[in-house]
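In listed order, ligands and their atoms are each counted from 1. Values reported hereafter were calculated over all heavy atoms of this structure, with side chains retained and with hydrogens, waters and symmetry mates removed. Given the structure is predicted, the values throughout are model-derived calculations rather than measurements.
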Amino acid sequence: MNSTTARETPNRRALIVGASRGLGEAVVEEYVSRGALVVGTARAAASTPLHRFAATRADAVDVEELDVTVPVGLEPLRERLQGRRFDLLFVVAGISLAAREAIGADIDDEDFQRMMLTNVLGVMRAVEALDELVEQDGTIAVMSSGQGSIAGNTGGGFEVYRATKAALNQMFRSYAARHGGERRSLLLLAPGWVRTELGGGGAPLRIEDSIPLLVDTIDAQHGTPGVQYLDRHGRTVAW
Ligand SMILES: NC(=O)c1ccc[n+]([C@@H]2O[C@H](COP(=O)([O-])OP(=O)(O)OC[C@H]3O[C@@H](n4cnc5c(N)ncnc54)[C@H](OP(=O)(O)O)[C@@H]3O)[C@@H](O)[C@H]2O)c1
């Protein structure tokens, strides 16, 4: 998944959470192509695209296990990684269940809870548990979505998914407020609508249309403190 011209990265040590497949796995490949050492996490110990890629690049990739909805897994992961420091923590994990439904239609309670638990609480718990592994001038990023923009919601649709990403944005801003004055770059990222299992076959972008640009955007913000909500081109997304 590397860009046409191999680029160096300031994020030479990266921890990518939710990297078994799709966009997260592509972020791992992109960082490895830029010379980084990467730890990627997957929920399953079984073979995933991340495991298969790591087997070809054992010099650059370690795979760890983590389900962000199982908080008891966070502390052991932090302990396993205690001797390491990262320039970048990027939490990519996310789900979309019954995404096309509208509130008032037949949203299943369990689907609603599972989406909020994964996309909001799980992501933020991972940030809180793992942030001490990130260098003081490093970057903490989470995968939001353009659908998380309240200002940009003029068309509706994907109502629960949108709500989870808007809630994630709000929680991440609270995190940023609590860490005001620190030097880290804090990024909420919108990759565009991409063909993955979550994005579906009708999405206009291929993974390779999005991820190299998204990684360029992360790298360009290295050393810029404070919270930003950016698309893959590095443009600010309206809250
Ligand atoms: N594709 C798009 O158009 C698009 C647009 C905007 C934002 N996003 C966001 O980008 C992120 C990745 O999406 P994707 O398109 O790559 O979807 P995907 O192909 O369905 O991959 C989702 C990833 O999240 C992981 N995950 C799900 N639940 C998890 C949990 N409880 N703990 C840890 N990992 C978990 C999955 O792991 P398993 O393999 O174990 O299920 C998988 O690696 C999501 O946050 C999504 O909301 C996607």
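Within the set Val194, Ile211, Thr196, Leu214, the minimum heavy-atom distance to atom 14 (P) of ligand 1 is found for Thr196. Evaluated by nearest non-hydrogen atom to atom 4 (C) of ligand 1, the leading choice among Ala44, Gly192, Gly199 is Gly192.
Contact between Ala190 and ligand 1 is absent, with no heavy atom of the residue lying under 4.0 Å from the ligand. The shortest separation from a heavy atom of Ser96 to ligand 1 is not under 4.0 Å, leaving the residue out of contact. Within the structure, the closest approach of Glu25 to ligand 1 does not fall below 4.0 Å when heavy atoms are considered.
A salt bridge links Arg13 with Glu135: the distance from a Lys NZ or Arg NE/NH1/NH2 to an Asp or Glu carboxylate oxygen falls below 4.0 Å. Electrostatic pairing of Asp209 and Arg206 counts as a salt bridge here, judged by a charged N lying under 4.0 Å from a carboxylate O. Using a cutoff of 4.0 Å between basic side-chain nitrogens and carboxylate oxygens, Arg43 and Glu65 are not scored as salt-bridged. Looking at Glu30 and Arg34, a side-chain N of the basic residue comes within less than 4.0 Å of a carboxylate O on the acidic one, giving a salt bridge.
To the nearest 0.5 angstrom, Leu213 atom CG is 6.0 Å from Asp216 atom CG.
Nearest protein heavy-atom contact of atom 35 (C) of ligand 1 is Ala93 CB, 3.6 Å. Distance from atom 7 (C) of ligand 1 to its nearest protein heavy atom, with residue and atom name: Ser144 O, 3.2 Å. The protein atom (non-hydrogen) at minimum distance from atom 41 (O) of ligand 1 is Arg43 NH2, 2.6 Å. For atom 17 (O) of ligand 1, the nearest protein heavy atom (residue, atom name, distance) is Leu198 CB, 3.2 Å. Of the protein's non-hydrogen atoms, Leu23 N, 2.7 Å is the one closest to atom 16 (O) of ligand 1. For atom 32 (N) of ligand 1, the closest heavy atom belonging to the protein is Val68 N, 2.9 Å. Nearest non-hydrogen protein atom to atom 21 (O) of ligand 1 is Arg21 NH1, 3.7 Å. Nearest protein heavy-atom contact of atom 9 (C) of ligand 1 is Met143 CG, 3.5 Å.
An N or O contact shorter than 3.5 Å is missing between Gly24 and ligand 1 by distance.
In terms of modelled atom types and a separation under 3.5 Å, the side chain of Thr9 and the main chain of Arg12 share no donor-acceptor contact. A donor-acceptor pair is defined here as one N or O able to donate and one able to accept, closer than 3.5 Å; such a pair exists between the side chain of Trp193 and the backbone of Gly199. Between the side chain of Arg85 and the backbone N or O of Gln82 there is at least one donor-acceptor pair closer than 3.5 Å. His51 places a side-chain N or O within 3.5 Å of a backbone atom of Thr48 that can act as its donor or acceptor partner.
Under the 4.5 Å side-chain heavy-atom criterion for grouping Ile, Leu, Val, Met, Phe, Trp and Tyr, Leu205 is connected to Met143 within one hydrophobic cluster.
A side-chain contact (heavy atoms from CB on, under 4.5 Å) with Val27 is found for exactly one of Val38, Ile211, Val32, namely Ile211.
Listed by atom number, the atoms of ligand 1 under 4.0 Å from Trp193 heavy atoms are 3 (O). Taking every non-hydrogen atom of Ile95 and a distance limit under 4.0 Å, the qualifying atoms of ligand 1 come out as 27 (C), 28 (N). Using a 4.0 Å cut-off to heavy atoms of Gly18, the atoms of ligand 1 that qualify are 34 (N), 43 (O). Below 4.0 Å from some heavy atom of Ser145 lie the following atoms of ligand 1, by number and element: 6 (C), 7 (C). Atoms of ligand 1 found under 4.0 Å from any heavy atom of Gly94, numbered from 1 in the order shown, are 22 (C), 24 (O), 27 (C), 44 (C), 45 (O). The Val92 neighbourhood of ligand 1 comprises atoms 11 (C), 12 (C), 44 (C), 45 (O), with distances under 4.0 Å to a heavy atom of that residue. Listed by number with element, the atoms of ligand 1 under 4.0 Å from a non-hydrogen atom of Pro191 are 5 (C), 6 (C), 7 (C). Numbered from 1 in the order shown, with element, the atoms of ligand 1 that lie under 4.0 Å from a heavy atom of Gly22 read 16 (O), 19 (O).
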List the steps, then state whether salt bridge (Lys or Arg N to Asp or Glu O under 4.0 Å) holds for Asp87 with Arg184. CA-CA 10 Å; Asp87 305 298; Arg184 289 185 182 132; over 6 Å; no
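Neither the backbone nor the side chain of Gln147 has any atom closer than 4.0 Å to an atom of ligand 1 (non-hydrogen atoms only). Contact annotation: for Thr118 versus ligand 1, heavy atoms closer than 4.0 Å belong to the side chain alone. Of all the heavy atoms of Leu66, the ones lying under 4.0 Å from any atom of ligand 1 belong exclusively to the backbone.
With no hydrogens or angles considered, no side-chain donor-acceptor pair links Gln136 and Glu182 at under 3.5 Å. Between the side chains of Asp131 and Tyr175, at least one donor N or O lies within less than 3.5 Å of an accepting N or O.
Here the closest heavy-atom approach between residue Thr118 and residue Ile95 is recorded as OG1-CD1, 3.5 Å.
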